[in-house]
**Q** 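Pasting a structure here, questions to come.
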There are 2 protein chains.
Amino acid sequence: MFAIGQASKQSGVNIETIRYYEREGVVPKPGRSAAGRRLYTSDEIAKLRFVKRCRDLGFPIAIIQTFQSLSGEEHRPCTDVKLIADQHLAVVDAKIDNLVNLRAALKNLSENCDNGTATCPMLEALMSDEPTK
Amino acid sequence: MFAIGQASKQSGVNIETIRYYEREGVVPKPGRSAAGRRLYTSDEIAKLRFVKRCRDLGFPIAIIQTFQSLSGEEHRPCTDVKLIADQHLAVVDAKIDNLVNLRAALKNLSENCDNGTATCPMLEALMSDEPTK
DNA sequence: TTAATTCCTGTAGTTACTACAGGAGCAAGA
DNA sequence: TCTTGCTCCTGTAGTAACTACAGGAATTAA
């Protein structure tokens with residue numbers, strides 16, 4: 001059995017975040033010592049690690065909860081999991097596209113912004129009536 | 001003079017968001033009609049459009065406020081603006097890198113997740129003791 | 001005149017945490 | 001044994017940038 005600090009180190013999840021996950025029901029409530037301190041089993045720490053990995057992949061918490069209920073089911077969850085993952089992949093793709101466009105616009109603005117004029121061309125562009133595109 | 005609905009349509013900023021910007025001091029408070037309704041000049045709407053454009057480029061509100069104070073100054077703001085833009089560009093680049101890596105990991109997991117086994121390889125990978133990478 | 005639309009203020013909810021405040025338990029050295 | 005320092009506890013509030021009501025008043029169109 002491990003105290004919350006150990007659980008944090010082993011899972012990579014911040015202590016405050018662990019307590020937050022417990023409040024929100026993302027992970028089950030651990031047992032407590034006589035003095036009321038949380039005590040984690042290795043399994044519970046593995047669950048924290050699972051949540052952390054999913055979060056690092058950008059899955060929202062609601063979806064992680066779906067994963068957990070799927071992994072406990074009888075019928076093979078693979079199709080469901082893949083579907084969710086692929087939907088998430090599409091979201092990530094859209095985000096990347098957006099950021100790449102944004103980056104181009106930003107770079108374009110920035111590159112026209114070093115000609116030493118009194119008025120900044122970048123601010124002018126942002127304030128003008130023409131759409132930036 | 002335009003009511004808030006008009007200002008919203010012309011600037012592309014949601015009505016609730018316009019009021020939020022006003023509360024937060026992102027844009028100046030407009031005048032009011034006798035009955036207390038907000039009335040916007042074209043200049044004020046242009047300012048909303050400016051904020052919208054900056055937000056669409058991902059600039060946080062605090063930085064937009066810096067832009068606005070810079071644009072009102074005597075000394076040429078171009079250098080300052082370019083510096084901020086380039087810093088922001090670096091942030092965007094880092095975000096893109098992150099997402100591209102994440103995408104690869106996600107795709108990798110997803111592609112191994114269609115072999116119809118009873119246990120989902122993707123869930124297994126996320127739950128295993130080995131780091132995902 | 002009435003119905004539909006727009007607008008008002010003020011408050012609370014969203015996401016996923018993070019940061020206290022104020023207090024108590026615990027382990028190790030002098 | 002006492003003290004020092006670390007860890008832990010609960011509960012609350014803050015973060016960013018909105019969004020979503022509730023409950024009511026004004027305006028516009030038919």
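Chain letters run A, B, ... following the sequence lines, proteins first and then strands; every chain starts at 1.
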**Q** State the OG1-CZ distance between B/T17 and B/R55, to the nearest 0.5 angstrom.
**A**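 It is 10.0 Å, given to the nearest 0.5 Å.
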**Q** For DNA chain D, determine which residues of residues 28-42 of chain B have any heavy atom closer than 4.0 angstrom to one of its atoms, and list them numerically.
**A**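 Of all residues in residues 28-42 of chain B, the ones placing a heavy atom under 4.0 Å from DNA chain D are B/A35, B/R37.
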**Q** Which whole-number value in Å describes the distance from A/L48 CG to C/dC17 C1'?
**A** 15 Å
**Q** Summarise protein proximity over nucleotides 13-20 of chain D in one line of letters, 5' to 3': B for base, S for sugar-phosphate only, - for none, counting protein heavy atoms closer than 4.0 Å.
**A** ----BBBB
**Q** What is the separation between atom CD on A/Q6 and atom C1' on D/dC8, rounded to the nearest whole Å?
**A** 13 Å
**Q** Rounded to whole Å, please give me the gap between NZ in A/K52 and P in C/dA16.
**A**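 After rounding, the gap between these two atoms is 14 Å.
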**Q** Evaluate the side-chain proximity of B/E24 to B/I61: yes if any heavy-atom separation is below 4.5 Å, no if none is.
**A**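 Heavy-atom side-chain distance check fails, nothing below 4.5 Å.
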**Q** Going by an N to O cut-off under 4.0 Å, is there a salt bridge joining A/K52 and A/D56?
**A** yes
**Q** Are B/L39 and B/F2 connected, step by step, through hydrophobic side chains (Ile, Leu, Val, Met, Phe, Trp, Tyr) whose heavy atoms are closer than 4.5 Å?
**A** no
**Q** Between A/I15 (CD1) and D/dT10 (P), how many Å, whole number?
**A** 13 Å
**Q** Sequence neighbours excluded and cut-off under 3.5 Å, please list the side-chain donor-acceptor pairs for residues 90-99 of chain B, or say none.
**A**
unit_1 : atom_1 : unit_2 : atom_2 : d
B/D93  : OD1    : A/R103 : NH1    : 2.3
B/D93  : OD2    : A/R103 : NH1    : 2.6

**Q** I need the CE-C1' distance between B/M1 and C/dC7, as an integer number of Å.
**A**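 Value for this atom pair: 16 Å.
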**Q** Using 4.0 Å as the upper bound for N to carboxylate O, is an ion pair formed by A/K82 and A/D86?
**A** yes
**Q** Determine the minimum heavy-atom distance between B/L102 and A/L57, stating which atoms define it.
**A**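 Taking B/L102 first and A/L57 second, the nearest heavy atoms are CD2-O, 3.2 Å.
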**Q** Quick check on C/dC8: is either OP1 or OP2 less than 4.0 Å from any side-chain nitrogen or oxygen of B/R19?
**A** yes
**Q** Atom CD of A/E22 to atom C1' of C/dT18: distance rounded to whole Å?
**A** 17 Å
**Q** Going hydrophobic residue to hydrophobic residue with side-chain gaps under 4.5 angstrom, can you get from A/F59 over to A/L83?
**A** no
